[in-house]
Amino acid sequence: MPQEARPSTGEQAKQHALAQLRLAILHGEMAPAQRLVENELAEQFGVTRASIRAALIDLAAEGLVERIRNRGSRVRVVTVEEAVAITECRMVLEGLCAAKAAVKATDEELTELADLGAAMRKAVADGEPVTYSELNHGLHDRIREISGQQTAVELLERLNAQLVRHRFQLALRPGRPQQSLNEHLAMIEAITARDPQAAEAAVRAHLTSVIEALRD
């Protein structure tokens with residue numbers, strides 16, 4: 001939509017501001033603890049302060065923003081212990097999705113997962129941790145989609161949004177992609193074997209490893 005046609009007030013304006021702010025936080029353009037000044041954001045996104053305030057309230061509900069009484073809003077800081085607790089919840093939900101994917105996946109979808117595994121293997125061999133991290137997220141997303149468990153998918157989207165910075169830092173840690181690769185290949189292998197119990201166990205083993213890495 002051209003900027004001059006963008007609504008500056010109302011629900012559409014709030015949704016525009018909400019989408020842009022969410023992307024900026026998830027992409028690391030706004031750092032943890034960074035103050036979110038309503039006047040500046042309203043000018044940046046071409047909407048009213050009321051639209052920005054409404055968007056910040058929604059982002060606080062998603063766990064991405066922290067609203068501090070009489071001091072405004074800031075990007076929420078997720079501590080290591082919070083990241084561990086979130087990952088423990090992910091373990092249950094991601095395990096459920098992997099088990100369902102092992103039962104429901106078509107041959108075409110299994111080929112797609114195998115291709116993702118091959119691309120992850122190449123990224124590690126080529127020493128490309130950022131590419132590997134993107135493929136890693138893509139694999140988890142695809143398994144969730146294949147599972148068809150929409151409630152789990154929606155819950156995981158909210159949980160994962162809070163972990164963006166921790167997950168990116170782990171991806172750049174020396175040696176972590178190599179270890180993580182084998183865990184993801186085990187997940188693909190179990191789903192391809194159409195073994196739901198093995199698929200769930202592989203996800204739990206992977207996320208247990210993530211928790212150990214977070215605590216290091």
Side-chain angles (χ1 to χ4, degrees), residues 1 3 5-97 130 133-134 136-138 140-145 147 149-173 203 207 210-211 213-215:
M1 181 184 293
Q3 186 162 355
R6 182 185 303 150
S8 61
T9 61
E11 181 63 20
Q12 282 184 289
K14 186 200 89 168
Q15 291 299 330
H16 169 74
L18 178 62
Q20 294 302 310
L21 280 165
R22 187 188 289 117
L23 280 175
I25 294 170
L26 294 183
H27 291 171
E29 295 164 19
M30 293 179 172
Q34 179 176 328
R35 286 191 64 222
L36 301 170
V37 181
E38 290 177 5
N39 280 338
E40 294 175 3
L41 294 171
E43 184 176 347
Q44 179 179 345
F45 297 126
V47 299
T48 63
R49 279 188 65 186
S51 296
I52 291 295
R53 191 175 303 116
L56 292 173
I57 290 170
D58 282 6
L59 290 170
E62 293 178 20
L64 296 179
V65 164
E66 184 178 14
R67 291 176 62 77
I68 304 170
R69 188 179 180 129
N70 299 324
R71 294 181 62 187
S73 301
R74 68 177 187 178
V75 179
R76 182 167 170 250
V77 178
V78 177
T79 66
V80 169
E81 282 310 308
E82 285 176 309
V84 167
I86 291 168
T87 304
E88 288 172 342
C89 293
R90 278 185 64 205
M91 191 182 294
V92 176
L93 295 167
E94 298 260 17
L96 170 64
C97 288
V130 175
S133 179
E134 291 170 354
N136 174 353
H137 297 165
H140 282 274
D141 288 346
R142 195 68 190 102
I143 291 171
R144 291 196 292 269
E145 289 167 4
S147 78
Q149 226 297 355
Q150 192 56 37
T151 299
V153 169
E154 291 170 4
L155 290 168
L156 282 163
E157 284 175 356
R158 294 188 62 173
L159 292 173
N160 286 328
Q162 298 174 55
L163 292 176
V164 166
R165 186 159 295 270
H166 286 286
R167 293 173 77 180
F168 187 70
Q169 289 171 342
L170 280 185
L172 297 181
R173 186 179 296 179
V203 167
L207 292 176
V210 169
I211 288 170
L214 284 169
R215 285 177 165 154

- Task: I would like to know whether Glu62 and Arg22 meet side-chain contact (heavy atoms from CB on, under 4.5 Å); could you show each step before the answer?
- Result: CA-CA 10 Å; Glu62 293 178 20; Arg22 187 188 289 117; 2.7 Å; yes
- Heavy-atom nearest pair, Ala161 first then Leu64, reads O-CD2, 3.5 Å
- Donor-acceptor pair between Gln15 and Glu11 side chains, under 3.5 angstrom: yes
- Item | CG on Asp141 to SG on Cys97, rounded to 0.5 Å | 10.5 Å
- Can you establish whether the number of heavy atoms outside Arg49 located under 6.0 Å from its atom CZ is more than 12? yes
- Query: Roughly how far, to the nearest 0.5 Å, is the CG atom of Leu207 from the CG atom of Leu214?
  - Reply: 10.0 Å
- In Å and rounded to the nearest 0.5 Å, what is the CD to CG distance from Gln150 to Leu155? 10.0 Å
- In Å and rounded to the nearest 0.5 Å, what is the CZ to OG distance from Arg53 to Ser73? 9.5 Å
- Counting distance only, does the side-chain N/O of Gln34 pair as donor-acceptor with the main-chain N or O of Leu36 below 3.5 Å? no
- Has the side chain of Arg158 got a donor or acceptor atom that lies under 3.5 Å from a matching backbone atom of Ala61? yes
- Working to the nearest 0.5 Å, report the span between CD of Glu94 and CG of Leu156. 4.5 Å
- Message: Any heavy-atom pair between the side chains of Leu159 and Leu93 that's under 4.5 Å?
- Response: yes
- Task: Could you give me the CA-CA distance, side-chain angles and deciding distance for Val130 and Glu134, then say whether side-chain contact (heavy atoms from CB on, under 4.5 Å) is met?
- Result: CA-CA 6 Å; Val130 175; Glu134 291 170 354; 4.0 Å; yes
- Task: Determine the minimum heavy-atom distance between Leu56 and Glu38, stating which atoms define it.
- Result: CD1-CG, 4.1 Å
- Note on the structure: Tightest non-hydrogen contact, residues Ala55 and Leu21, listed as CB-CD1, 4.2 Å
- Task: For Val203 and Gly95, work out which heavy atoms get closest and say how close.
- Result: CG1-N, 3.6 Å
- Query: Do the non-hydrogen side-chain atoms of Asp58 and Lys14 ever get within less than 4.5 Å of each other?
  - Reply: yes
- Please lay out, stage by stage, how Arg76 and Leu59 fare under the test side-chain contact (heavy atoms from CB on, under 4.5 Å). CA-CA 10 Å; Arg76 182 167 170 250; Leu59 290 170; over 6 Å; no
- Message: Closer than 3.5 angstrom, by distance alone: can the side chain of His16 be matched with the main-chain N or O of Val47 as a donor-acceptor pair?
- Response: no
- Message: When you compare the side chain of Glu81 with that of Arg215, does any pair of heavy atoms fall below 4.5 Å?
- Response: yes
- Message: Determine whether a donor-acceptor pair (N or O, by modelled atom type, separation under 3.5 Å) exists between the side chain of Thr87 and the backbone of Arg90.
- Response: no
- Audit row: Ile211, Met91, side-chain contact (heavy atoms from CB on, under 4.5 Å) steps and yes/no: CA-CA 10 Å; Ile211 288 170; Met91 191 182 294; 3.9 Å; yes
- Note on the structure: In this structure, CD1 of Ile52 is separated from CD of Glu40 (nearest 0.5 Å) by 11.0 Å
- Message: For Gln20, give me all partners under side chain to side chain donor-acceptor pair (under 3.5 Å), at least two apart in sequence or on another chain.
- Response: none
- Item | Ser147 side-chain N/O to Arg144 backbone N/O, donor-acceptor pair under 3.5 Å | yes
- Query: Are any of the side-chain heavy atoms of Arg74 and Ile68 separated by less than 4.5 Å?
  - Reply: yes
